[in-house]
Amino acid sequence: TVTGFIRLNLPTDTGDGTTYFTHGYGLQFSVPIKPVMAHVNASYNFVVENNNYKPGNYFDYGINAEYYPYDSKLNLFLEYTGQIGSDGEWHGREQIDSGIQHMELTPGLGYMIDRDTHMQFSYTRTVWGKNADVQNIFRISATLKFPKLSSSFY
């Protein structure tokens, strides 16, 4: 199935004491492979400026698997994602060659509030990166799906 989504990442520490709020818009392709649900997704994300520095907006892509034990609302997931970002700005001036590029491995715990709204609490480990200062991060995100684009297996 194909599903559109909006993802909000709450401000999280990037390792240097700076936090950023991001919002992204994308598509997710899903297929059930019992006992998990496999996904491939892609999104474009916007970063909100903080303390006169704004990292560049970024393209995010990934593959992940979700496991719902005992048909519960809780799920375990493992996600492998990549990000390619544009150059950031400091006081409105572009910082040349500051764009992020990295791959991350993220195990986590998800909670399905309802069929179309998901909360995720996760730990992310950067496995490769350029201009990626963060090696480890705890993240909270909310995803709102648009089921009218397709039927969902949930």
Side-chain angles (χ1 to χ4, degrees), residues 1-31 33 36-67 74-113 116-147 149-150 152 154:
T1 60
V2 178
T3 307
F5 65 86
I6 295 175
R7 179 173 292 140
L8 303 174
N9 288 314
L10 301 179
T12 51
D13 189 346
T14 61
D16 61 0
T18 308
T19 59
Y20 300 99
F21 171 78
T22 66
H23 52 100
Y25 307 87
L27 290 175
Q28 177 173 296
F29 304 91
S30 306
V31 61
I33 303 172
V36 301
M37 185 65 162
H39 306 285
V40 174
N41 57 57
S43 64
Y44 191 77
N45 300 270
F46 299 89
V47 181
V48 178
E49 180 178 344
N50 187 17
N51 296 330
N52 296 313
Y53 178 69
K54 179 187 174 292
N57 298 331
Y58 60 92
F59 174 71
D60 190 329
Y61 56 93
I63 59 172
N64 65 56
E66 296 176 307
Y67 173 66
L74 287 174
N75 72 350
L76 302 172
F77 67 89
L78 182 62
E79 184 172 42
Y80 192 68
T81 60
Q83 293 181 351
I84 300 171
S86 59
D87 290 337
E89 294 179 0
W90 176 254
H91 291 283
R93 294 185 182 152
E94 184 178 20
Q95 300 297 298
I96 303 300
D97 203 27
S98 65
I100 58 171
Q101 296 177 21
H102 57 88
M103 300 295 291
E104 300 172 334
L105 186 62
T106 305
L109 178 66
Y111 180 74
M112 186 168 51
I113 295 171
D116 304 318
T117 308
H118 298 240
M119 290 291 297
Q120 292 181 330
F121 309 93
S122 60
Y123 164 78
T124 298
R125 173 75 180 159
T126 300
V127 294
W128 172 86
K130 174 184 174 190
N131 297 330
D133 297 332
V134 180
Q135 297 299 313
N136 300 291
I137 190 169
F138 288 96
R139 183 175 291 149
I140 299 172
S141 64
T143 302
L144 177 61
K145 296 183 178 183
F146 298 99
L149 292 176
S150 69
S152 176
Y154 298 112

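Quick note: numbers below take in every heavy atom, side chains included, and nothing from hydrogens, waters or symmetry partners. Treat the numbers as computed from the prediction; the structure is a model and nothing was measured.
- Within the 4.5 Å cutoff, the side chain of Asn45 has no heavy atoms near those of the Tyr25 side chain.
- Every residue two or more places apart in sequence or in another chain was checked for a ring-ring contact (aromatic ring centres under 6.0 Å, His included) with Phe121, and none qualifies.
- Two residues are said to be in side-chain contact when any heavy atoms from C-beta on lie closer than 4.5 Å; Val2 and Leu27 meet this criterion.
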- Dump the intermediate steps for side chain to side chain contact (heavy atoms under 4.5 Å, CB included) on Tyr61 and Ile84, then the final yes or no. CA-CA 9 Å; Tyr61 56 93; Ile84 300 171; 4.2 Å; yes
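- Counting only heavy atoms from C-beta outward, the side chains of Thr143 and Ile6 never approach each other to under 4.5 Å.
- Residues Val31 and Thr1 are not in side-chain contact: their nearest non-hydrogen atoms beyond the backbone lie 4.5 Å or more apart.
- In this structure, CE on Met103 lies 4.0 Å from OH on Tyr80, to the nearest 0.5 angstrom.
- Residues His39 and Glu66 form a side-chain contact, since some pair of their non-hydrogen atoms from C-beta on lies under 4.5 Å apart.
- How far OH of Tyr111 is from CE of Met119: 11.0 Å, rounded to the nearest 0.5 Å.
- Atom CG of residue Asn41 and atom OG1 of residue Thr81 lie 8.5 Å apart, to the nearest 0.5 angstrom.
- Under the 4.5 Å side-chain criterion, counting only non-hydrogen atoms from C-beta, Gln83 is not in contact with Phe59.
- Judged by distance alone, with hydrogens and angles left aside, the side-chain atoms of Asn75 form a donor-acceptor pair with the main-chain N or O of Gly110 at under 3.5 Å.
- Note: Tyr44 OH to His23 NE2 = 10.5 Å, rounded to the nearest 0.5 Å.
- In this structure, Ser86 contributes its side chain and Asn57 its backbone to a donor-acceptor pair below 3.5 Å.
- Note: Ser122 OG to Glu79 CD = 7.5 Å, rounded to the nearest 0.5 Å.
- At a cut-off of 3.5 Å, with distance as the only test, no side-chain donor of Thr106 or Glu104 sits close to an acceptor on the other residue.
- For Leu78, the side chain to side chain contact (heavy atoms under 4.5 Å, CB included) criterion is met by Leu105, Pro107, not counting sequence neighbours.
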